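This structure is a prediction, so every number in the text was calculated from the model and none was measured. First listed ligand is number 1; within each ligand, the first listed atom is number 1.
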Amino acid sequence: PASVVKELLENCLDAGATRVDVELEEAGIRLCRIRDNGAGIVRDELALALARHATSKIESLQDLEQVATLGFRGEALPSIASVSRLTITSRYRDAPAGFSITGADGGPGPVMPAAHPIGTTVEVRDLFFSTPARRRFLRSERTEFTHVRATIEGIALSRAGVALRVLHNQRVVMDLAAAHSPAELFARVGKLCGEEFIRHAIDLERDGPGLTLRGWITQPAHARSQPDLQHVFLNGRAIRDKLLSGAVRAAYRDVLFRDRWPAYVLYLDMDPAW
Ligand code: ADP
Ligand code: MG
């Protein structure tokens with residue numbers, strides 16, 4: 001479920017959405033519906049969106065070396081559609097009306113007219129209904145939801161300018177306004193990482209040749225007992241990298257006790273070709 005949520009949210013961001021609404025039932029296993037106000041999909045590309053290895057994000061070989069989108073392999077939607085009941089409803093930004101398509105065994109169904117504001121809704125129902133073996137590997141709803149939540153929080157941290165609302169089993173579990181001013185950013189990071197973190201964090205902003213690094217790092221006195229608040233985003237994509245985490249740890253070495261861990265939210269931006 002967390003992987004499904006991650007892929008669908010990344011698609012919203014790639015489509016330029018500024019507002020995303022997530023609706024989940026049973027940690028996303030029964031239902032995961034994600035609506036965005038992004039660019040939408042033109043009618044004739046709805047079936048392509050469900051085709052394997054079809055992406056709208058790479059048009060030339062050169063694009064491949066300058067990938068600025070989160071997705072570019074065209075694998076997520078067909079993979080999800082093969083283990084669920086998936087419906088895409090979308091209205092392209094220049095189109096007067098919307099359309100929808102449902103994935104099915106042996107290829108997608110017909111494209112049908114459907115009411116939708118500009119943007120896209122992807123609905124995934126009954127994850128793994130056709131693959132009971134995989135369904136048995138799912139953890140409890142609670143555990144799966146913990147993973148889903150962590151995934152959404154990471155994405156929410158990566159794009160502060162996107163409003164995000166999450167319903168789980170009909171209850172609002174996250175409601176984040178888009179943050180543009182420093183005060184809004186402070187509030188949003190506080191909601192995601194805890195007031196304690198943001199209130200005692202050091203604001204960081206550094207430029208290097210072709211690089212910028214910004215974000216927040218904890219003051220040594222407010223280090224944590226676990227390495228559980230360490231986020232690094234490279235060009236807006238959450239990454240885990242031993243070299244980077246090792247560098248931060250080394251930087252803190254002289255000011256932290258052995259069993260304490262720095263907390264940080266860091267955004268590293270560089271030319272995608274690098
Ligand atoms: P990828 O993101 O790697 O291109 P996906 O399987 O995730 O592959 O999506 C396939 C295609 O469907 C995308 O390239 C895009 O054109 C379209 N698409 C999927 N989700 C959205 C969305 N929320 N808004 C607009 N287009 C979308
Ligand atoms: Mg994708």
Colleague: At what distance, to the nearest 0.5 angstrom, does CG of Leu48 lie from OG1 of Thr55?
Modeller: 10.5 Å
Colleague: Check the Mg ion (ligand 2) and write out every protein N, O or S atom at under 2.8 Å, as residue and atom.
Modeller: Asn11 OD1
Colleague: Using the side chain to side chain contact (heavy atoms under 4.5 Å, CB included) rule, pick out the option among Val42, Asn37, Ile118 that qualifies with Arg93.
Modeller: Ile118
Colleague: Restricting to salt bridge (Lys or Arg N to Asp or Glu O under 4.0 Å), what partner residues turn up for Glu141, sequence neighbours left out?
Modeller: none
Colleague: Polar pairs, ligand 1 vs protein, N/O only, below 3.5 Å.
Modeller:
unit_1, atom_1, unit_2, atom_2, d
ligand 1, 2 (O), Asn11, OD1, 2.9
ligand 1, 2 (O), Lys57, NZ, 2.7
ligand 1, 3 (O), Phe72, N, 2.9
ligand 1, 3 (O), Arg73, N, 2.9
ligand 1, 3 (O), Gly74, N, 2.8
ligand 1, 4 (O), Thr55, OG1, 2.6
ligand 1, 6 (O), Ala76, N, 3.2
ligand 1, 6 (O), Leu77, N, 2.9
ligand 1, 7 (O), Asn11, OD1, 3.0
ligand 1, 7 (O), Asn11, ND2, 2.8
ligand 1, 8 (O), Gly74, N, 3.4
ligand 1, 14 (O), Thr55, OG1, 3.4
ligand 1, 14 (O), Ser56, N, 3.0
ligand 1, 14 (O), Ser56, OG, 3.2
ligand 1, 16 (O), Ser56, OG, 2.5
ligand 1, 20 (N), Asn11, ND2, 3.4
ligand 1, 23 (N), Asp36, OD2, 2.8
ligand 1, 24 (N), Thr120, OG1, 3.3

Colleague: Looking only at the side chains, is there a donor atom on one of Ser90 and His116 sitting less than 3.5 Å from an acceptor on the other?
Modeller: no
Colleague: Are Arg214 and Glu205 ion-paired here, with the side-chain N under 4.0 Å from a carboxylate O?
Modeller: no
Colleague: Let me confirm one number: the CD1-CZ distance from Ile41 to Arg91, rounded to the nearest 0.5 Å.
Modeller: 14.5 Å
Colleague: Side-chain atoms of residues 256-274: list all donor-acceptor pairs with protein atoms under 3.5 Å, sequence neighbours left out, distances to 0.1 Å.
Modeller:
unit_1, atom_1, unit_2, atom_2, d
Arg260, NH2, Ala223, O, 2.7
Tyr267, OH, Leu157, O, 2.6
Asp271, OD1, Ala273, N, 2.9

Colleague: Verify whether one side chain among Ser82 and Ser79 offers a donor that lies under 3.5 Å from an acceptor in the other.
Modeller: no
Colleague: Can you tell whether the side chains of Asp14 and Lys57 come within less than 4.0 Å, N to carboxylate O?
Modeller: yes
